[in-house]
There are 2 protein chains.
Amino acid sequence: MKEAQDRVTAAAILIGNELLSGSVVDKNMHYIACKLVGAGIVLTEVRVIPDDCAVIAATVREMRSKVDYVFTTGGIGPTHDDITAECVAQAFDRPLIQHPETAKTLRAMFAEKGVEANAERMRMANMPEGAEPLKHQGSPVPGFRMENVYVLAGVPSIMRSMLDAAVPGLRKGKPVLSQSVRCDLSEGTLAHGLKLIQEEFAEHVDIGSYPLSREENFHVRLVIRGTDSAVNGDVAQRIKDMIGQLGGQIIPE
Amino acid sequence: MKEAQDRVTAAAILIGNELLSGSVVDKNMHYIACKLVGAGIVLTEVRVIPDDCAVIAATVREMRSKVDYVFTTGGIGPTHDDITAECVAQAFDRPLIQHPETAKTLRAMFAEKGVEANAERMRMANMPEGAEPLKHQGSPVPGFRMENVYVLAGVPSIMRSMLDAAVPGLRKGKPVLSQSVRCDLSEGTLAHGLKLIQEEFAEHVDIGSYPLSREENFHVRLVIRGTDSAVNGDVAQRIKDMIGQLGGQIIPE
């Protein structure tokens, strides 16, 4: 698929030792991918990195120069291992400050809950100087935006709420639409014809071929991705015709 | 936790447009993380990148200079979007060749299955010059190793089989063991005491604090990670004592 002139790009940085040590299974990457695709934004890379300030700051700095938007997840709670805000401040060479409006919101929330507004809880009001809180439906505790970097929670339900709140304010690209065809032929049988169809439509679509597992009878799913649904449909039909000519069956998804 | 002198490190590179577009949910990262932790190897970073040869080659080159071992997943099948072998060859400035022994194995396999050894199927015998096939239990089609880079399949069952075959040949580090404590207190209540315990045991353990979801009653899981199980146990006991003093309950996992 030819890259659109007005392509809008993003990267995600998933922060957390727990992902790299296997203590926690990631549940955020797929949601972020789907949400951005729906907004016509191309997710070009995801990095999973440890709770290490130098690594976090360097990764934020590098990625935000490469893409239009960066989303980080994780490390914005009240405990000692929540260091993302200070690392993002380092990435921007800005001081970490207590955001006054957010501090007020948090104090009111803690008073209502009857818990102490201790120093650790109040860390959740810390942001790099110049950041804006990212308010959302899921909790009074906001994420924040610092220029093109959106700092989101790691807990999936809160991360989703924050991302949902961020997306309407982003510049949108032309949405990439996808259509898939599943069949009972092997990749090796499909490959030659598929390559010819991909070459013919190289400007308009990317065709991916994904073998499924034993539990799914080793079927192959072919995914056509492109910005024009009519062209996607034409390519899907060409693929279905080829499957028929090769003696295969289309399998409903 | 102080970094061990003899620390052995690894990175994973998950290759595939399907992961970045949300067409497929990643099922490989967690398995790789757990398998390496079990072998005493520290997974320092995971990158998820598209089917783009320049990006793949540059990422392989960068990561293999930073860590002891690199594992790639995806892109080694017979279809046009399977480009990993040629990109790894580029990363090493080596020609892509047909590996003679692997070609023979594949021809025998295709003959047995009664399918044609067509040009596309035979692409699965291609490797950078100097690579060694990585034989495994899951299929006669091998992955391969090129110096410190292990090239694995993307289909989870095959990826697992290849990784399982690779791990016994790797240099091992001191295993990082983990122990976890789940409780019904909020992170904001735990944070101060937890920070003090982390500071006291900074040389020996890393303590992570992970709030659970609404479905798990917003409990908090505290994970103690370190190489000495006795120290891990002491720290777990200190944390349990603190939870008791704060009026909380330990929740069985």
Side-chain angles (χ1 to χ4, degrees), chain A residues 16-26 29-30 33-34 37 42-51 55 77-82 110 115-116 118-121 123 154-157 176 178 180 186-192 194-195 198-199 206-214 223 225, chain B residues 16-26 29-30 33-34 37 42-51 55 77-82 110 115-116 118-121 123 154-157 176 178 180 186-192 194-195 198-199 206-214 223 225:
Chain A
N17 292 342
E18 69 275 22
L19 297 169
L20 294 166
S21 68
S23 297
V24 167
V25 180
D26 165 60
M29 180 161 73
H30 187 246
C34 292
V37 162
V42 182
L43 181 62
T44 61
E45 188 164 342
V46 177
R47 295 197 182 180
V48 188
I49 59 172
D51 301 326
V55 175
T79 56
H80 63 275
D81 56 337
D82 290 309
F110 297 139
V115 300
E116 188 198 350
N118 62 24
E120 286 75 22
R121 286 198 172 95
R123 291 182 67 216
V155 176
S157 58
V176 175
S178 71
S180 71
S186 71
E187 280 200 305
T189 303
L190 293 162
H192 182 68
L194 212 54
K195 184 181 169 190
Q198 173 66 82
E199 283 169 0
D206 283 333
I207 306 171
S209 172
Y210 309 117
L212 303 177
S213 65
R214 187 186 306 270
V223 178
R225 302 181 67 248
Chain B
N17 292 342
E18 68 276 20
L19 298 168
L20 294 166
S21 68
S23 297
V24 167
V25 180
D26 165 60
M29 181 161 70
H30 187 246
C34 293
V37 162
V42 182
L43 181 62
T44 62
E45 188 165 341
V46 177
R47 294 196 181 179
V48 187
I49 60 173
D51 301 327
V55 174
T79 55
H80 64 275
D81 56 338
D82 290 309
F110 296 140
V115 299
E116 188 198 351
N118 61 25
E120 287 75 21
R121 286 197 173 96
R123 289 183 68 216
V155 176
S157 59
V176 175
S178 72
S180 71
S186 72
E187 282 200 304
T189 302
L190 293 162
H192 182 67
L194 211 54
K195 186 182 169 188
Q198 173 67 82
E199 283 167 2
D206 283 333
I207 306 172
S209 172
Y210 309 117
L212 302 179
S213 64
R214 187 186 305 271
V223 178
R225 302 181 67 248

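Residue numbers start from 1 in every chain, and the chains themselves are labelled A, B, ... in the order their sequence lines are given, proteins ahead of strands.
Of the atoms belonging to Gln198(B), it is side-chain heavy atoms, and not backbone ones, that fall under 4.5 Å from chain A. Looking at Arg123(A), neither its backbone nor its side chain comes within 4.5 Å of chain B, counting heavy atoms on both sides. Both the backbone and the side chain of Glu45(A) come within contact range of chain B, judged by heavy atoms closer than 4.5 Å. Contacts between Leu190(B) and chain A at a heavy-atom distance below 4.5 Å are absent for every atom of the residue. Residue Ser157(B) does not touch chain A at all, counting heavy-atom pairs closer than 4.5 Å. Neither the backbone nor the side chain of Ser180(B) comes within contact range of chain A; no heavy atom of the residue lies under 4.5 Å from a heavy atom of that chain.
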Glu18(B) and Val223(A): side-chain contact (heavy atoms from CB on, under 4.5 Å), yes or no, with the steps? CA-CA 9 Å; Glu18(B) 68 276 20; Val223(A) 178; over 6 Å; no
Decide yes or no on side-chain contact (heavy atoms from CB on, under 4.5 Å) for Asp81(B) and Tyr210(A), but give the supporting numbers first. CA-CA 10 Å; Asp81(B) 56 338; Tyr210(A) 309 117; 4.2 Å; yes
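Ranking Glu120(B), Met29(B), Glu199(B) against chain A, the residue ahead of the rest is Glu120(B), based on heavy-atom pairs under 4.5 Å. Across Asn118(B), Val155(B), Ile49(B), Thr44(B), the residue that shares the most heavy-atom pairs under 4.5 angstrom with chain A is Thr44(B). Listed options Leu194(A), Asn17(A), Leu212(A) were ranked by heavy-atom pairs under 4.5 angstrom with chain B; first place goes to Leu194(A). Between chain A and the options Thr189(B), Val25(B), Thr79(B), Asp82(B), the largest number of non-hydrogen pairs under 4.5 Å is found for Thr79(B). Ranked by heavy-atom pairs shorter than 4.5 Å toward chain A, the options His30(B), Arg225(B), Arg47(B) are led by Arg47(B).
With sequence neighbours left out, Val115(A) forms a side chain to side chain contact (heavy atoms under 4.5 Å, CB included) with Phe110(A), Lys113(A), Arg121(A). For the side-chain hydrogen bond (donor to acceptor under 3.5 Å, both in side chains) test, no residue two or more places apart in sequence or in another chain qualifies with Asp26(B).
Annotation for Ala33(A) and Gly22(B): closest pair CB-N, 3.6 Å, computed over non-hydrogen atoms. Nearest heavy-atom pair across Gly188(A) and Pro78(B) is N-CG, 3.8 Å.
With hydrogens and angles disregarded, a donor-acceptor distance shorter than 3.5 Å links the side chain of His80(B) to the backbone of Ile207(A).
Considering Val48(B), Leu20(B), Leu19(B) as possible partners of Leu43(A), the one that fulfils the side-chain contact (heavy atoms from CB on, under 4.5 Å) test is Leu20(B).
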